[in-house]
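Encoded as structure tokens, the structure appears first; notes follow it.
Counting from 1, the numbers follow the sequence of the chain as shown. Worth saying up front: this structure is predicted, and the values here are computed from it rather than measured.
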Amino acid sequence: MRTRFASYGLFSLALLAGCSRVIRHGPIITEYESAECISPHLGPGITPPTHVWDRSVTDSLGQNVRILGAEMPGGRIDVRYESDGTDIVAANAGDYIYPADVRIDKLRQRLLVKASGITAAFSLPQTWLFEFDLTQRRLVDRARVDPKVLPQECNID
């Protein structure tokens, strides 16, 4: 019996570890609100109509960085450093939670990505913000957020 109880306890801990607190304010939300839009366009030949991002920006080091992604199953936002061909996943919220909005803080060299959807396991709606440092080439923050506190998503090109 004791082993079975220990197993249930570990299962409960693992389940709770997967839950994330939803935030309504904080630096990542403030940064997202003030960042400049990288507007999506509708992907050609994709049905149903799907938001797609494919934009190049120049970082503070003068490197050309291409931002790529799509609002679809398996969707994520990648950055490609054209100087050396390095591809890095900037934001990937997992199955059924897709990129919905992409913004850039040019002063701080940060890419901010909103992803939203419904989790497969528990059918719960979730919204996440990701903050990726373009110069250091790494994810610096991510948080589950209340979508009601976020500004309207960027317009389609």
Side-chain angles (χ1 to χ4, degrees), residues 6-43 46 48-57 59-60 65-81 86-157:
S7 296
Y8 288 131
L10 290 174
F11 174 77
S12 297
L13 284 175
L15 187 61
L16 289 174
C19 297
S20 299
R21 183 175 68 90
V22 177
I23 64 170
R24 296 184 52 77
H25 54 81
I28 195 168
I29 292 173
T30 303
E31 291 160 14
Y32 172 77
E33 290 171 333
S34 63
E36 180 182 322
C37 284
I38 297 179
S39 296
H41 60 275
L42 293 178
I46 301 174
T50 301
H51 292 164
V52 173
W53 292 268
D54 186 352
R55 298 277 192 250
S56 290
V57 298
D59 71 9
S60 63
V65 180
R66 193 165 169 198
I67 299 161
L68 302 158
E71 184 178 23
M72 60 190 301
R76 62 186 198 201
I77 299 296
D78 295 328
V79 289
R80 177 175 298 145
Y81 292 85
T86 301
D87 285 321
I88 301 172
V89 176
N92 185 358
D95 291 340
Y96 305 107
I97 302 176
Y98 315 136
D101 201 30
V102 180
R103 298 172 181 228
I104 188 167
D105 179 336
K106 289 183 180 177
L107 182 64
R108 296 183 62 241
Q109 295 295 293
R110 301 290 171 95
L111 190 66
L112 293 124
V113 178
K114 172 186 166 185
S116 57
I118 298 176
T119 61
F122 303 106
S123 297
L124 300 172
Q126 290 188 6
T127 299
W128 288 83
L129 287 180
F130 295 83
E131 182 179 1
F132 184 85
D133 187 313
L134 292 168
T135 305
Q136 293 184 13
R137 300 183 178 199
R138 66 181 184 90
L139 184 67
V140 292
D141 198 7
R142 73 179 191 142
R144 187 169 168 204
V145 300
D146 181 345
K148 292 181 226 146
V149 303
L150 300 177
Q152 184 175 352
E153 293 173 5
C154 300
N155 293 326
I156 298 173
D157 274 350

Exercise. When the ring planes of Tyr98 and Tyr96 are compared, do they come out parallel, tilted or perpendicular, using 30° and 60° as the limits?
Worked result: tilted
Exercise. What's the shortest heavy-atom distance between Tyr81 and Asp59, and which atoms?
Worked result: CE2-OD2, 4.4 Å
For this session: Report yes or no: does Glu131 contribute a side-chain atom to a donor-acceptor pair with the main-chain N or O of Val140 at less than 3.5 Å?
Result: no
Problem set entry | Residue Arg108 excluded, over 12 heavy atoms near CZ under 6.0 Å | yes
For this session: May I ask you to establish whether Arg103 and Tyr32 are in a cation-pi arrangement, using a distance under 6.0 Å from NZ or CZ to the six-membered ring centre and at most 45° from the ring axis?
Result: yes
Exercise. Hey, is the main chain of Leu124 close enough, under 3.5 Å, to the side chain of Thr119 for a donor-acceptor pair?
Worked result: yes
Exercise. Any donor-acceptor pair under 3.5 Å linking the side chain of Thr30 with the backbone of Gly26?
Worked result: yes
Problem set entry | 4.5 Å side-chain heavy-atom contact, Leu134 and Val79 | yes
Problem set entry | Contact check, side chains of Val145 and Val22, non-hydrogen atoms, under 4.5 Å | no
Exercise. Taking NZ, NE, NH1 and NH2 as the nitrogens, is one of them in Asp78 or Arg76 under 4.0 Å from a carboxylate oxygen of the other?
Worked result: yes
Exercise. Is any side-chain heavy atom of Arg66 closer than 4.5 Å to a side-chain heavy atom of Asp54?
Worked result: yes
For this session: Let me see the working for Asp133 and Arg110 under salt bridge (Lys or Arg N to Asp or Glu O under 4.0 Å), right down to the final yes or no.
Result: CA-CA 5 Å; Asp133 187 313; Arg110 301 290 171 95; 3.2 Å; yes
Problem set entry | Spatial distance of atom CD (Glu31) from atom CG (Asp105) [nearest 0.5 Å] | 7.0 Å
Exercise. Mind checking whether Ile28 and Leu112 have side chains closer than 4.5 Å, heavy atoms only?
Worked result: yes
Problem set entry | Expected output: side-chain Ser39 to main-chain Asn155 donor-acceptor under 3.5 Å | yes
Exercise. What closest approach, in Å, do Lys114 and Leu150 show between heavy atoms, and which atom pair accounts for it?
Worked result: CD-CD1, 4.0 Å
